[in-house]
Structures are given as C-alpha cells and as structure tokens.
There are 2 protein chains.
Amino acid sequence: MKRPTIADIARRAGVSKGAVSYALNGQPGVSEATRKRILAIAQEIGFNANSAARALSGARARAVGLTLCRPARILGIEPWFMGLISGFEAELGAQSYALTLQVVASPEQEVEVYRRWWGERRIDGVIVTDLRENDVRIPVLQQLQLPAVVLGGSGEAGGVTQIWSDDGGAITEAVRYLVALGHSRIARVSGVPDLLHTQVRTKAFDQVCASLGLGEALTVPADYTGEEGSRATRRLLIGGDRPTAIIYDNDVMAVAGLAVAQEMGLSVPGDLSIVAWDDSPLCSLVHPSLTALSRDVSGYGAQAARELLNAIDGKKVGNVKAQTAHLTPRGSTAPPRS
Amino acid sequence: MKRPTIADIARRAGVSKGAVSYALNGQPGVSEATRKRILAIAQEIGFNANSAARALSGARARAVGLTLCRPARILGIEPWFMGLISGFEAELGAQSYALTLQVVASPEQEVEVYRRWWGERRIDGVIVTDLRENDVRIPVLQQLQLPAVVLGGSGEAGGVTQIWSDDGGAITEAVRYLVALGHSRIARVSGVPDLLHTQVRTKAFDQVCASLGLGEALTVPADYTGEEGSRATRRLLIGGDRPTAIIYDNDVMAVAGLAVAQEMGLSVPGDLSIVAWDDSPLCSLVHPSLTALSRDVSGYGAQAARELLNAIDGKKVGNVKAQTAHLTPRGSTAPPRS
DNA sequence: CTGAAAGCGCTTACAG
DNA sequence: CTGAAAGCGCTTACAG
C-alpha cells in the first residue's frame, strides 16, 4: 500500500520526474498531450503530492495557523470562533490550504506557538485575533516576517494587514435605536477591556450617550463568559436607578443577562430591553429572541483568509474595512414600560 | 532572517549534522557533554526543526486531522466540538503534535479529505466522529491503513480503535429519575437517526419505557439544530396528551425547547420538565438552568487523542469505554403539576 | 562515540 | 519541449 510518487507516474508515462512535476503544477515545459496523459495517470492511481517534499523544495507548507486564546469553557459556547473558522475554510479549502489550530492560554504563549510554527515551516502565515493595545504579538510577527492578518483593530500593526469593522458606528446605531424607542437609561456590559475593539466600542458608546444627553454612560467590564455576564447584569439591575436597556458585547453574556432578568422577575422586553452584539443562532434560540448587532462572521473570516493568502503571496498589505454590523430587531427590545 | 538548520548548529558545535540530529532527538550516539552543548546552541539560536524535512525523512508529520461535519450554523453554537478540540489539544500539545481541521459537508467528502491528507502525508492519523451504521469511512480507513480513533460507537469498526460510552445506561438513569419525580408521559427529541449513538439511545429509551410500563416511548427525530429542536418540541406540545417531560439529545435543542415552552405559556418545570444531553455551559446560561446528562467532554477528547497517538505508534488498538454520562439535576426538572 | 553519505519526494534552474 | 541533476533539511543505517 505504498503511496504513489511522481517517480511512479514518470515511469508509467515514460517521461522524467521533472516533466511530471511541470504537468501537475500547470507549469510550461510539457506538451499538452503529455500533460493530459500525466494528469490521467495521476488521477487513476490516486496521486497526491507529498506535502512535506513539496514544502521542503521551497514551496509553501500550504497551511495557515490560528490560535484560540479563550478559556475552554467559553470557547465551546461562543459561536464567534466557529463562524470565523467556517469562513476561513471556505476560502482555504478552495486553494487546498490546511488550517492548523492551537488552543493557547495567553498572548505570550501564542507568540511561542508562532515562533515554533514558523521555525518548523509548518505554516505559511497566521490569522491573529483579539488585537490589544501595544500587542506583544505584533513586533514578533514583524521580526519573524511571518505573513499575518490581524482582526479587530486598525492602524496599530505597521506592516501587517489588518481587517477591522466600524464598531463605533454600530454601537451608535444601537443606542440611537434604543433612544428612539424611548429609553434613556442605557447601560452596557463589555468584553475584555484590554482588547482594542472593546476600547473602540466603549469610546463610541460614551460619545453617543453624551451627544444624546443621556448622562454618564455606564459600561461594566466583563469577559465574554456567561458567569461574568450574569454578575454584571445583577450589578446593574439591583441598583436604585436601574437601566431600562442593556447592550452586551457578545451573545453569550446577553443570554446570561436575559436569564438573570427572568430570575429576578423582570420581564424582557417590558422591564428591560436587551441588545446582543454579534448575532448568532444563539440569539434566536432563546425566548424572547434577542435583538442583535449582526454581521456576516464567516464572510469576515473568508475575507481574512483571502487577505492572508495575498500576504503569503507577497501581494499588497494594508488596511481592510469589513462590513459594519447592523441592527437586527427581535423580541428583546421594546419601549420601556412607564 | 534565514531560519537556522542543523547544519548551522553542527558548524558552531564543531560536529556533524548527524550528531546534532541524535542530540536533538535524544537518541544514543553522542556523549552527554556534546549533547548538552548542542542543545544549548539550539536553544540560543532559536532552532526549530523544519517539520517538512522531518516528515520527509520518514519521520512523522506530527499532525493529526479532524473533520467537522455539521452545517456552519450549528457548528458555532454546539459546544460539543470545541470541548472535544480543547481535549485533543491538551494531549497533542504536550507531544507537540498539531491539529489540522477541515469543515466538510458529508461523510463522502470527509473520505476525500482523508485520502488527500494521507496521500500528502500531511497527517499521521485522524479522529473520526459521528459513527454511522455501515459507515462509508471505516472501509476507507482500513484500506488506507490510516491510523484512526473512532468516537461514538462500539464494535462496528474492525481494526480501528473505538471510544464509546454507555449512552444506554445514561438515558435509562434519566428516565428513572423522571419517573421517580412522578412523570409518566416522557418524550424524547433525538439527534440524527443515522448516527450509531442515536440508535443506541433510542433502543435503550424504548426498553426502559417498556420495562417501567410507560406505554409507547415517543422519540421525535431531529438534527441537533435549534430550528429542528423547536419544531419537534412544538409537535410534542400541541398534541392532546402532551408529555410532562422531554429529554433532548443535545443542549442546543433543549434550550430551543425551553424557549418554545415559554412561548406557549407553559412553565418549566411546572408544566414541562426538560433534560438535556451533554451538559455544557449553555445549560447553565438559561433560566431555569437545565438538568443535564453531564460528562467530561474534553477529557473524552484527551482520551481519544491519547489512543490515536498510540495507534500512530503502532501500539495496541482496541475498544475503549469512556465515562458514562451522569445526571446533573438543575432547575428544569420537578414533579409534574397535577 | 562520531563522521560521511544516502535517501525521503518533490521543485527548479540548467542543458540539450 | 524534454531530460538529468542539484538541492531543500532532516533521519538513519553504515563505517570507522
């Protein structure tokens, strides 16, 4: 059950290994007739080029890397990463690139993984998520000259392609919508404050609240888990002057917030309106279904993969703006009960 | 910025490349002093062995493959796969094996991916989930002699290591618990009927219902998505003699079922008790939190990875029984309101 | 214990 | 258009 090599094909076709390689890779150097014959033989014997040999001869590893830096308990439940992964694959699969995955515990460990992967030539590039302020990963990517695409920030990663979306615009839309419904006490439960996109959202939230005269904009920081989402929600709801609407930075925390409200005997949306960021099937799973800021996560992933393949090919590197999230109203928002 | 090779180390250490290889791989053939010196140099210059060269010289690819065969919309939300992946990684990372991922649409496409990966020598083995009756993947694994571990069935995959758990026992426990609470009309919303473990569960459910004199056991088949979970639940609840308890084959459908009950004005657990299979953070996220059949999914994944590494090393292959899921009572189950 | 050499399966200049 | 050959960076028998 020895796996066939180009030598086997060459022998059967009566040509050299070089010719087989040219034929298989669509390079000039073989006649059309020979190419056809070679391809037919390859097909017939089920030939797949040994990826190691290919990578070793200077070609690509034909794989890209992704690290997942979240505690296991949140990884499984937050639809975001899987949506992203589906998107990557749609693009990578088409070019028969493989996706190599690694769960890590911190940005520092992530850096180690990048060094190792790149040193091993195991991957041709990486997709970097959760950009932070003064991110330790950026200088390493530059030092290694490792092709990369960074998601979630803009302008902080010199020389590395970035993809970002207008989160400030999206949150502004959400607040305006709630205000139009009649809300004036609007709070927010945010994701990890170190993340650049959290900061962008917080700033925009502050600004729109101020410009609409809503008084101090209250953001309670959390970490995307249900536990912290519940805790933050309780903290907001037990106060005297409790908010009539809460915007959550992810779907998981929004669902947890809904459960807390129900547990406290508050009706949603009667007593409390809820908006979730990053719409996902989870938002439609609960009752009432959650109004959400939607965007095409797997489209975003596909776009990221496309940019990464460009970067690997040494093509242009730059700042790419993705679609802005838009509001999808569902059952969790309504005018506040007066 | 050329990445260092063993030749660089050999030059600096004043030894042959062979000696460097032996030292790095803990093989006999170099003195302890030389080994120390070589390792120090490797460390200093940040050496990582080129994985392609390694794989090409007959060694392992040091990667294993996993395909995900679910529609994108369910992949992101079902915690099961990510839990499994965390578990794999805990084990694979320790041995510095990489995990290669691919989303596929069908078992047939999965087979193609296996053929390609193996042909390319891109992976050393695969983890196979969702075993079916007369699964098309099994004969291919055997034909390719591709090391594999199969999850979710027992006894159907000659020559391939299998990991399974006693799902029949678990569902029996759940039914007995509900009966003890006073329920007699218990229904079930199952996962995809083709899957072997679904069949095991259905059979056990039928048996325990019969043995407890509950009359005909009603199982409505679904596909793990929230949509089908809702549909199945509605079908069960609009009937005249509606069940007082429903057992769901995954957490997502259980949450969807809860939403349907709430939407129909039924109280959970007053009018309807709900049991979810495969406990996950999702079950604790909603209100009331869901009683569930729990097991250590990432432990299961780690066990699978360990068996696969054994299989790759040519070690014993066999049937491994994993932990049986146990009941974790929460707020969604109670005696039926009479 | 150590060195020189072959070989893994490709790709790619370099001659014909 | 085609063939023969070098080389990618390792591992591993095979001599010393």
Side-chain angles (χ1 to χ4, degrees), chain A residues 1-39 41-42 45-63 96 116-124, chain B residues 1-39 41-42 45-63 96 116-124:
Chain A
M1 219 60 225
K2 190 92 180 37
R3 280 167 275 185
T5 70
I6 51 167
D8 299 320
I9 300 179
R11 201 176 319 117
R12 289 175 68 144
V15 298
S16 70
K17 295 192 304 174
V20 174
S21 176
Y22 290 137
L24 256 26
N25 294 305
Q27 302 283 347
V30 281
S31 67
E32 210 37 56
T34 313
R35 186 189 304 276
K36 281 248 169 59
R37 194 153 42 91
I38 289 173
L39 288 175
I41 295 174
I45 65 179
F47 173 80
N48 286 294
N50 179 317
S51 62
R54 224 177 196 177
L56 191 55
S57 334
R60 302 279 151 66
R62 299 193 82 78
S96 60
R116 183 166 53 76
W117 274 348
W118 186 236
E120 294 178 345
R121 270 197 166 292
R122 198 180 262 288
I123 47 126
D124 300 317
Chain B
M1 220 61 225
K2 192 93 178 37
R3 280 168 273 187
T5 71
I6 52 168
D8 299 319
I9 300 179
R11 201 176 318 115
R12 289 176 67 144
V15 299
S16 70
K17 296 192 303 174
V20 174
S21 176
Y22 290 136
L24 257 26
N25 293 305
Q27 302 284 346
V30 282
S31 66
E32 211 34 58
T34 312
R35 185 188 304 273
K36 281 249 167 61
R37 194 152 44 90
I38 289 172
L39 288 175
I41 295 174
I45 64 178
F47 173 80
N48 286 293
N50 180 315
S51 62
R54 225 180 195 174
L56 190 54
S57 336
R60 302 279 151 66
R62 298 193 82 79
S96 60
R116 183 165 52 78
W117 275 347
W118 186 236
E120 293 178 344
R121 268 198 167 290
R122 199 181 262 288
I123 46 125
D124 301 317

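Computed from a predicted model, the values in this text were never measured in an experiment. First the proteins, then the strands, lettered A, B, ... as listed; each starts at 1.
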Starting at atom [atom1] of [X], determine the distance to atom [atom2] of [N], rounded to an integer number of angstrom.
| X | N | atom1 | atom2 | value |
| --- | --- | --- | --- | --- |
| A/Arg3 | C/dG9 | CZ | C1' | 12 Å |
| B/Ile9 | D/dT11 | CD1 | C1' | 14 Å |
| A/Asp8 | C/dG9 | CG | P | 9 Å |
| A/Arg62 | D/dC8 | CZ | P | 22 Å |
| B/Leu56 | C/dC8 | CG | C1' | 4 Å |
| A/Phe47 | C/dG9 | CZ | P | 10 Å |
| B/Ile6 | D/dC10 | CD1 | P | 5 Å |
| A/Tyr22 | D/dA5 | OH | C1' | 11 Å |

Where [X] and [Y] come nearest, the two heavy atoms and their spacing:
| X | Y | answer |
| --- | --- | --- |
| A/Arg122 | A/Ala61 | O-CB, 3.5 Å |
| A/Pro4 | A/Gly46 | CG-O, 4.1 Å |
| B/Ala13 | B/Ile38 | CB-CG1, 4.2 Å |

Would you say [X] places a side-chain N or O within less than 4.0 Å of OP1 or OP2 belonging to [N]?
| X | N | value |
| --- | --- | --- |
| B/Asn50 | D/dC8 | no |
| B/Thr34 | C/dT2 | yes |
| B/Ser31 | C/dT2 | yes |
| A/Arg54 | C/dT11 | yes |
| B/Ser16 | C/dG3 | yes |

Of B/Arg121 and B/Glu32, the one whose closest DNA chain C nucleotide lies more 5':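 Per heavy-atom nearest nucleotide, the more 5' residue is B/Glu32.
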Distance, nearest 0.5 Å, that separates OG of B/Ser31 from NZ of B/Lys36: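 Output value for this atom pair is 10.0 Å.
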Rounded to the nearest 0.5 Å, how far apart are CZ of A/Arg3 and CZ of B/Arg121?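 The CZ atom of B/Arg121 is 4.0 Å from CZ of A/Arg3, to the nearest 0.5 Å.
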Taking the minimum atom-to-atom distance to the side chain of B/Ser57, which one of D/dT12, C/dT12, C/dC8 wins?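 Of D/dT12, C/dT12, C/dC8, C/dC8 is nearest to the side chain of B/Ser57.
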Which one is paired to C/dA4, where only Watson-Crick or G-U wobble pairs with both distances under 3.5 angstrom count?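 Pairing partner: none.
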Taking for each residue the nucleotide of DNA chain D bearing the nearest heavy atom, is the 5' side occupied by A/Ala19 or by B/Val20?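 The residue mapped nearer the 5' terminus is A/Ala19.
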Please classify the nucleic acid contact of B/Ser21 as base, sugar-phosphate, or nothing, using heavy-atom distances under 4.0 Å.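 If one applies the 4.0 Å heavy-atom cut-off, B/Ser21 turns out to touch a base.
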